[in-house]
Amino acid sequence: MIDIAYLRKKRDVLEDALRKRGYPLDILDALTELDSKRREVITEANALRAKKNEISRRVGELRRRGEDASHLLEEARKYDRLLAELKEREKEYDRKFWELWAHVPNIPHESVPVGPDESANVVVREWGERREFPFKPKPHWELAELLGILDWKSASEMAGSRFVTYKGLGARLERALINYFLDTHIGNGYTEVFPPILVKPEALYASGHLPKFHEEMYYIHEDDLYLIPTAEVPLANLHRGQVIPEEKLPLYYVAYTPCFRREAGSHGRDVRGIIRMHQFNKVELFKYTRPEDSYEEHERMVRDAERILQALGIPYRVVLLSTGDMGFAAAKTYDIEVWAPGLGRWLEASSVSNVEDFQARRANVKMRRKDGKTEYVHMLNGSGLATPRVFIAILENFQREDGSVVVPEVLRPYMGVDVITYPSRDPRGA
RNA sequence: GGAGAGGUGGCCGAGCGGCCGAAGGCGGUGGCUUGCUAAGCCACUGAGGGGAGGUAAUCCCCUCCGAGGGUUCGAAUCCCUCCCUCUCCGCCA
């Protein structure tokens, strides 16, 4: 949610923002109309309430002196019907206005390239050498099959499609990635959080996932709870309704959670392998910052995510999303895409966004300046990283002709092996 | 799941039908005192919204005491529903 001042005083900025994002502008006229009607009714109702309050005050005075107040009571009752009707209209306009306003996306930052879709995205930098293979690199699902580290049959039988069972060194690799990501970020000053994975609707409203993305999430009707689609949700709710002293900012958090997505509307896309799953693991970075620091912190967050891929030796590129490709809440987003030679394409492993005060307004998170004034904080989120895409990149980039996979150096302490070979066996157990 | 207690401002904590947006304390800000520090003294210090005024200083009004309804001329205070926290019991990883 953005500041209404954009509608009232900076209409040109707002129009420009919607145009850049490819949103229709007609919503603004409706909003302005609703806003002025709403204000009209509020003013009228407030005046009436003031009158009633005044009468009540006088009744109180008379009663205290033991005098008769019946003529005032009669007068007060005269206002009741009028006030009741005004209240209704006030509520109605208010509801309509905020409902519409909640559909207005964030204002893109001036550094964001303008364009209709991903074709206008800009590759900011590329890191690492894309390896030349003397043989045809296999896609990860073939490698996983050869190594026996992913079990599709058991998963589909117990849970359906887009679920997988990691086995042996596959399970170990997954856990190694999670631990390595967490340990690295904690070392960079992020505080580890392990939050609830089921959350109430309010939490999703605050993060901006509701009402728009209900269909994308798993919902438990009996308890009115949702499975989180990303740890961004609980992390954005960590300080809901709070006022944070300026000197405590910035706050850095990192959380590992499983993430659950229904992937409605993506039937038939990425059906092979673990590119797109209903359940996957992700280590999420999150920051609360002062408004003046958020863009610098944004850059640092991207670097924090990149550092992991550098340490793993996975080639990647950083893409600055265009106005047409950015998410609803974001003011600026970088995607980090890893190279998957078996698939022959780049895969998004991370998305790092500065949402400025967009979520802070919804979640009502403010900071207190040294002079006592309060202001909304800025919030940033980014994957650091999503494991499946990194899992894929490791298998496909470090595969050998026989299908075995060399484990990146930094993961070896977590893995206990240098190479994943068939039969995949955990050296410490069966 | 059963029984009880409670949710008040940045925090703690009074108030239980009428100038209560809310005593008191802590914290914060400004000032005074002080050789410095510590202490002390004084003042200020919640949020959201609407309006007037130069999109200023400032002023007026409305709303908010977990959320939503209700009773009443009037509710933080009474009633109902929901949410949350705590204590005890039961159950359980």
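Computation of the quantities below employed the complete heavy-atom set of this structure, encompassing side-chain atoms and omitting hydrogens, waters and symmetry-equivalent molecules. Model, not experiment: these values are computed from the prediction.
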Write down the distance separating the [atom1] atoms in [N] and [M], rounded off to the nearest Å.
{"N": "B:U63", "M": "B:A57", "atom1": "C1'", "answer": "26 Å"}
{"N": "B:G7", "M": "B:C60", "atom1": "C1'", "answer": "34 Å"}
{"N": "B:C79", "M": "B:U72", "atom1": "P", "answer": "16 Å"}
{"N": "B:C11", "M": "B:A67", "atom1": "P", "answer": "14 Å"}
{"N": "B:C19", "M": "B:U37", "atom1": "C1'", "answer": "45 Å"}
{"N": "B:A75", "M": "B:G21", "atom1": "P", "answer": "11 Å"}

Is there a Watson-Crick or G-U wobble partner for [N] with both distances under 3.5 Å, and if so, which one is it?
{"N": "B:G24", "value": "B:C12"}
{"N": "B:U29", "value": "B:A43"}
{"N": "B:G1", "value": "B:C89"}
{"N": "B:U58", "value": "B:A52"}
{"N": "B:G74", "value": "none"}
{"N": "B:U37", "value": "none"}
{"N": "B:C65", "value": "none"}

Heavy atoms from C-beta onward define the side chain here; which of [options] lies closest to that of [X]?
{"X": "A:Lys91", "options": "B:A47, B:G18, B:G69", "answer": "B:G69"}
{"X": "A:Lys9", "options": "B:U55, B:G49, B:C83", "answer": "B:U55"}
{"X": "A:Val59", "options": "B:G50, B:G18, B:U55", "answer": "B:G18"}
{"X": "A:Lys200", "options": "B:C73, B:G48, B:C83", "answer": "B:C83"}
{"X": "A:Thr43", "options": "B:G50, B:C62, B:C73", "answer": "B:G50"}
{"X": "A:Val243", "options": "B:C73, B:C62, B:G10", "answer": "B:G10"}
{"X": "A:Ala50", "options": "B:C61, B:G74, B:A47", "answer": "B:C61"}

Next item on the list: Indicate, with a heavy-atom threshold strictly under 4.0 Å, whether A:Asp80 touches base, sugar-phosphate, or nothing.
Entry: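 The answer is nothing, as A:Asp80 stays clear of every strand by at least 4.0 Å.
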
Q: Under 4.0 Å between any heavy atoms, over every strand shown, what does A:Ile55 touch: base, sugar-phosphate, or nothing? Just pick one.
A: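 Contact class for A:Ile55: none.
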
Under a 4.0 Å threshold between the charged nitrogen and the carboxylate oxygen, would [Y] count as salt-bridged to [X]?
{"X": "A:Arg57", "Y": "A:Glu54", "answer": "yes"}
{"X": "A:Glu263", "Y": "A:Arg162", "answer": "no"}
{"X": "A:Arg38", "Y": "A:Asp35", "answer": "yes"}
{"X": "A:Asp304", "Y": "A:Arg300", "answer": "no"}

If I take atom [atom1] in residue [X] and atom [atom2] in nucleotide [N], what distance separates them, rounded to the nearest angstrom?
{"X": "A:Glu40", "N": "B:G50", "atom1": "CD", "atom2": "P", "value": "14 Å"}
{"X": "A:Lys87", "N": "B:U63", "atom1": "NZ", "atom2": "C1'", "value": "11 Å"}
{"X": "A:Lys51", "N": "B:C62", "atom1": "NZ", "atom2": "C1'", "value": "15 Å"}
{"X": "A:Glu44", "N": "B:U63", "atom1": "CD", "atom2": "C1'", "value": "17 Å"}
{"X": "A:Tyr93", "N": "B:G49", "atom1": "OH", "atom2": "C1'", "value": "18 Å"}
{"X": "A:Leu86", "N": "B:C61", "atom1": "CG", "atom2": "P", "value": "20 Å"}

Side-chain donor or acceptor of A:Asn237 paired with backbone N/O of A:Ala203 under 3.5 Å: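 Side chain of A:Asn237 to backbone of A:Ala203: a pair is present.
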
Check whether any side-chain heavy atom of A:Leu347 sits under 4.5 Å from a side-chain heavy atom of A:Ile275, and report yes or no.
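Heavy-atom side-chain distance check passes, below 4.5 Å.
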
Are [X] and [N] close enough that a side-chain N or O sits under 4.0 Å from OP1 or OP2?
{"X": "A:Arg39", "N": "B:G51", "value": "yes"}
{"X": "A:Asn53", "N": "B:C62", "value": "yes"}
{"X": "A:Arg49", "N": "B:C64", "value": "no"}

TODO: Using a cut-off of 6.0 Å, state whether more than 12 heavy atoms not belonging to A:Glu246 lie near its atom CD.
DONE: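 Enclosed: over 12 neighbouring heavy atoms sit under 6.0 Å from CD of A:Glu246.
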
Original post:
Start at the 5' end of RNA chain B and walk down; is the nucleotide closest to A:Lys52 or to A:Gly60 reached first?
Top reply: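 Mapping each residue to its closest nucleotide by heavy atoms, the 5'-most match is A:Gly60.
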
- 5'-most contact on RNA chain B: A:Asp35 or A:Arg63, nearest heavy atom basis?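 Counting from the 5' end, the first nearest nucleotide belongs to A:Asp35.
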
